[in-house]
Amino acid sequence: MCADDIPSLGRAELLSRRVQDIPASGIRRFFDLIAGMEGVISLGIGEPDFVTPRRFTEAAIRSLNDGHTHYTSNYGLLELRRALSAHLERLYGVHYDPTNEIIITAGVSEALLLATHAILNPGDEVLCPDPCFVAYMPCVVLAGGVFIPVSTEQENDFLIRAPDLEARLTPQTKAILLGYPSNPTGAAMTRDDLLPIADLAARRNLLVIADEIYDRLTYGFQHTCFASLPGMRERTILLGGFSKAYAMTGWRVGWACAPADILEAMMKVHQYVLMSAPTPSQYAALEALRSGEDEVQAMVAEYDRRRRLIVDGFNRLGLTCFEPRGAFYAFPSIRSTGLSDEDFAERLLREEKVVVVPGSAFGQCGAGHVRACYAAPYEQIEEALERIARFVRRVR
Ligand SMILES: Cc1ncc(COP(=O)(O)O)c(C=O)c1O
């Protein structure tokens with residue numbers, strides 16, 4: 001066959017089928033609607049309204065002034081890995097060797113991609129609670145895996161249960177991807193909730209990717225690190241980050257911890273896609289770990305005040321909202337309005353200029369709910385609730 005005989009590809013065929021198969025984020029589509037609107041109150045984006053504490057920023061500036069403008073080790077600054085290792089040991093009693101069991105990443109976003117690429121072969125299945133963070137499914141699919149959503153419900157506080165996971169097991173099941181405290185529901189799992197899942201993982205030789213980015217944002221509730229459960233450290237990829245608890249979303253810094261063989265596989269991907277996490281951000285993160293505890297506590301206390309305001313507010317309006325015990329999201333049911341979650345969110349934005357995200361953006365089990373992020377100023381939440389009350393009275 002000569003070159004002229006080779007049929008040329010159509011325009012769509014020039015793109016990867018795998019990428020085309022991933023739907024665009026339901027959140028992004030929604031944010032396009034806000035562009036250019038004035039007077040909008042956003043409970044949409046999941047990020048702290050607080051600016052990064054000054055001391056962390058100053059540490060980054062100091063590092064730049066001192067000439068630390070180069071790549072760090074692919075693993076990240078050793079000092080930061082050491083501090084992180086000590087931090088996790090102190091909080092959860094779980095030990096990771098800073099030399100070969102920790103990578104500093106560009107946020108949990110990158111760490112998720114590393115984890116799925118490191119462990120999945122084509123066709124391997126990953127079980128995950130539905131609803132869940134929007135990036136989980138794409139990270140599994142981009143790595144060639146198959147995403148298997150497992151239903152959770154409001155009646156059960158959106159907790160995932162071992163029998164429901166077990167019912168979806170097949171010979172292809174490779175891992176469980178857990179994200180608790182949960183985005184979008186705010187659900188948090190106790191140690192007793194997690195133990196049967198640990199038992200299942202051990203019995204069926206499954207890996208567990210534990211996205212614990214909201215570990216510090218819990219209310220009257222002690223977070224349990226999945227890797228700290230008996231026998232779980234060897235089969236867990238623990239992901240965490242600075243974005244939420246330390247108000248550092250824009251710095252793009254997080255971490256992945258795993259047994260050395262798994263971490264080495266993740267490192268192979270990381271070294272080619274990123275080389276190393278941004279150097280000034282790593283210095284800011286080091287300062288956050290060294291001296292940021294008071295700031296974390298103060299922000300958590302303020303989120304808790306807002307959490308009570310918003311949950312009471314929704315329940316008073318008849319938008320039933322179970323009590324979120326972690327992260328900074330409320331996930332009320334809007335079924336009593338007779339609207340779909342898409343219509344509710346779109347009309348609320350157009351008519352009252354309040355942004356919430358339709359629950360179905362996070363999976364089928366999110367339908368009939370909306371996600372409202374309460375990492376927004378208290379007064380704005382009060383005003384948003386007044387606008388929502390007006391809207392709900394009108395549509396009912
Ligand atoms: C559950 C969850 N995991 C990961 C991320 C990504 O965080 P990062 O900023 O560390 O990439 C988010 C951000 O919203 C999240 O909610």
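All ligand and atom numbering here is 1-based and tracks the order in the structure.
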Residue [X] vicinity, atoms of ligand 1 by number, heavy atom under 4.0 Å:
X    : answer
R252 : 8 (P), 9 (O), 11 (O)
Y136 : 1 (C)
N183 : 1 (C), 14 (O), 15 (C), 16 (O)

N/O separation below 3.5 Å, S243 to ligand 1: yes
Could you check [atom] against the protein and tell me its nearest heavy-atom contact, residue, atom and distance included?
atom                    : answer
atom 7 (O) of ligand 1  : I213 CD1, 3.2 Å
atom 14 (O) of ligand 1 : K244 NZ, 2.6 Å
atom 6 (C) of ligand 1  : S109 OG, 3.4 Å
atom 2 (C) of ligand 1  : D211 OD2, 3.4 Å
atom 12 (C) of ligand 1 : F133 CZ, 3.4 Å

For ligand 1, the portion of V108 having any non-hydrogen atom under 4.0 Å away: both
Location of contacts on Y214 toward ligand 1, heavy atoms closer than 4.0 Å: side chain
Distance under 6.0 Å and angle within 45° of ring axis: R308 vs Y219: no
From Y180, F158, Y136, residue fulfilling side-chain contact (heavy atoms from CB on, under 4.5 Å) relative to P129: Y180
Could you measure the distance from the [atom1] atom of [X] to the [atom2] atom of [Y]? Nearest 0.5 Å is fine.
X    : Y    : atom1 : atom2 : result
F391 : L349 : CZ    : CG    : 10.0 Å
R168 : I176 : CZ    : CD1   : 13.0 Å
N315 : E323 : CG    : CD    : 10.0 Å

Side-chain heavy-atom pair S182, F331 within 4.5 angstrom cut-off: no
Salt bridge flag under 4.0 Å for residues E379 and R306: no
Linked, directly or transitively: V141 and V19 (ILVMFWY side chains, under 4.5 Å): yes
